Visitor: 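First the structure, which I've put down as structure tokens, then a few questions once you've had a look.
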2 protein chains.
Amino acid sequence: MSDLTVYGTMISQPTRSVLSFCRLSGLEFQYNDLDFIKRNHCTDEFAKINPFQAMPAIVHNSFNVWESVSCVMYLADVFNVDNQWYPKDLKIRARINSYLLWHDEGVRIPLDSYLKAKYLVPKFGGPKLTEETEAPYKDKLQEWYNTFKWQLAETHYAGRTDTPTIADVFAYNEIANASVLMDLNEQPEIKKWYDEIGAIPVVQEYTQQAFEMMRKFFS
Amino acid sequence: MSDLTVYGTMISQPTRSVLSFCRLSGLEFQYNDLDFIKRNHCTDEFAKINPFQAMPAIVHNSFNVWESVSCVMYLADVFNVDNQWYPKDLKIRARINSYLLWHDEGVRIPLDSYLKAKYLVPKFGGPKLTEETEAPYKDKLQEWYNTFKWQLAETHYAGRTDTPTIADVFAYNEIANASVLMDLNEQPEIKKWYDEIGAIPVVQEYTQQAFEMMRKFFS
């Protein structure tokens, strides 16, 4: 048994990003799949691992870390990671970190809030979006296309780096969950990048598991 | 002349956090004060330093970094910082990073959005808040009191660390700008922490400069 455990659910975008980072960095770990439908993350026990009771979180030698990006930073330090995905080169790492600090505001919030309003809220008995209530989300999605195209324009990668990094994996996982909201064929610059990152074997494997889980959950 | 320049404006909370980090860590730097009223950050020249044209940003030996937390992380790495404010101890650093990754969502957005709506939008000719349009902001401020009290409850510090760190400085600077919105005497747990962090000499010095700037700007 490894001294590292990742807690999460495959449907959670940041869970898949942390799991992908572990696999891409060759870290040994076990994955503790919390059944989010049974609300296994809302227990007092899990609050001891992540006081916010959000997924993912990690435990390494009985030390707990939460916030997905903070988990990646801790793992990189403690396991001395220096690879393409999160190199020790301070300049490349700074570019990746600047992306990761912008990721929530720039990618996760605009996409995930639309996704929740359109699919998750009605699934749990809340109101369905109407043409009128959906319009502001659609407008923000249009704005987001432009923002993200601009973000990719410099080097073709989310962190403005010369090769794909963990920044792209974080971005990809958000867009994969939200892909049901968009036709990426209409956004060729994003589509080209999306297909490239989605073809990274471990990213592809986790995405397929997530899509399967979403199909079951929403069917 | 130092090989490090910090670009920003004293009224900007994250600018003061990066400046404080430099001072608390004994880094030599020059401060390039961008006059935000003249929109000196909205130039093509500044876009080469921060593509988002937001403050602060740093240039170190002709390498530019943006996003305040990413600036702190880069500076800590490149200048080998290991002090109370951002120790190399991986566990303490993980706690600080988990706070810093939550800071925007947990502190900056709820406070700064109210501040902008109440003071900045009318200052630039936009609509004044009415009792009705201010109510949701007031409700969110009440929620925020509880969230932040909970955040401090574990160890009395924002990063759930045993001593004050840069996490507290980031939190303090947001609350200082927003202090005009609240009576902290009604929030004694927050007030005690606020007074302690605000008494750190360099934090106090920058806060006084910010308050002076705000007084002139809004008078």
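Letters A, B, ... mirror the listed sequences (proteins, then strands); counts begin at 1. Remember, predicted model here, so these are calculated numbers, not experimental data.
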Visitor: Looking only at heavy atoms, what is the nearest atom pair of A:Ala94 and B:Ser70, with distance?
Guide: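 Closest approach of A:Ala94 to B:Ser70, heavy atoms only: O-OG, 3.3 Å.
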
Visitor: Where on A:Glu154 is there a heavy atom nearer than 4.5 Å to chain B: the side chain, the backbone, both, or neither?
Guide: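 When you check distances to chain B, no heavy atom of A:Glu154 falls under 4.5 Å.
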
Visitor: With a cut-off of 6.0 Å (strictly less than), are more than 12 heavy atoms of other residues, nucleotides or ligands near NZ of B:Lys149?
Guide: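 Enclosed: over 12 neighbouring heavy atoms sit under 6.0 Å from NZ of B:Lys149.
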
Visitor: Taking every heavy-atom pair that is under 4.5 Å apart, which of B:Asn97, B:Ile109, B:Val65 has the most such pairs with chain A?
Guide: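 The answer is B:Asn97.
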
Visitor: Picking from A:Arg160, A:Glu105, A:Arg93, which has the most non-hydrogen pairs under 4.5 angstrom with chain B?
Guide: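 Among A:Arg160, A:Glu105, A:Arg93, the one with the most close pairs to chain B is A:Arg160.
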
Visitor: Might you point out which heavy atoms bring A:Val78 and B:Leu90 nearest each other, and give the distance in Å?
Guide: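 That closest heavy-atom pairing would be CA-CD1, 3.6 Å.
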
Visitor: Should we count CG of A:Asp35 as having more than 12 external heavy atoms under 6.0 Å?
Guide: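 Buried by this count: over 12 neighbours within 6.0 Å.
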
Visitor: Within a reach of under 6.0 Å around CD of A:Glu45, are more than 12 heavy atoms found that belong to other residues, nucleotides or ligands?
Guide: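 It does not: A:Glu45 CD has 12 such atoms or fewer within range.
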
Visitor: Given that the side chain runs from C-beta out, which part of A:Asp104 has a heavy atom under 4.5 Å from chain B: side chain, backbone, both or neither?
Guide: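 For A:Asp104, the contact with chain B is made by the side chain alone.
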
Visitor: Tell me, out of B:Ile96, B:Asn64, B:Leu100, who's got the most heavy-atom pairs with chain A below 4.5 Å.
Guide: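 Answer, by heavy-atom pair count under 4.5 Å with chain A: B:Asn64.
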
Visitor: Decide if atom NZ of B:Lys88 counts as having more than 12 heavy atoms of other residues, nucleotides or ligands within a radius under 6.0 Å.
Guide: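 Yes - once you tally the heavy atoms of other residues, nucleotides and ligands closer than 6.0 Å, there are more than 12.
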
Visitor: Would you call the rings of B:Phe52 and A:Trp150 parallel, tilted or perpendicular, taking 30° and 60° as the class edges?
Guide: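 Aromatic pair B:Phe52/A:Trp150 classed perpendicular.
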
Visitor: What option among A:Met73, A:Arg95, A:Gln151 has the most heavy-atom pairs under 4.5 Å with chain B?
Guide: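 Maximum pair count with chain B is reached by A:Arg95.
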
Visitor: Can you confirm whether A:Glu131 is buried at CD, in the sense that more than 12 heavy atoms of other residues, nucleotides or ligands lie under 6.0 Å from that atom?
Guide: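 No.
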
Visitor: For B:Ser98 and A:Glu67, indicate whether the former's side chain and the latter's backbone hold a donor-acceptor pair under 3.5 Å.
Guide: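 Such a contact is absent between B:Ser98 side chain and A:Glu67 backbone.
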
Visitor: Do other residues, nucleotides or ligands put more than 12 heavy atoms under 6.0 Å from the CG atom of A:Asp162?
Guide: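 No, because the 6.0 Å sphere around CG of A:Asp162 holds 12 heavy atoms or fewer from other groups.
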
Visitor: Can you establish whether the number of heavy atoms outside B:Lys123 located under 6.0 Å from its atom NZ is more than 12?
Guide: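 Check passes, neighbour count above 12.
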
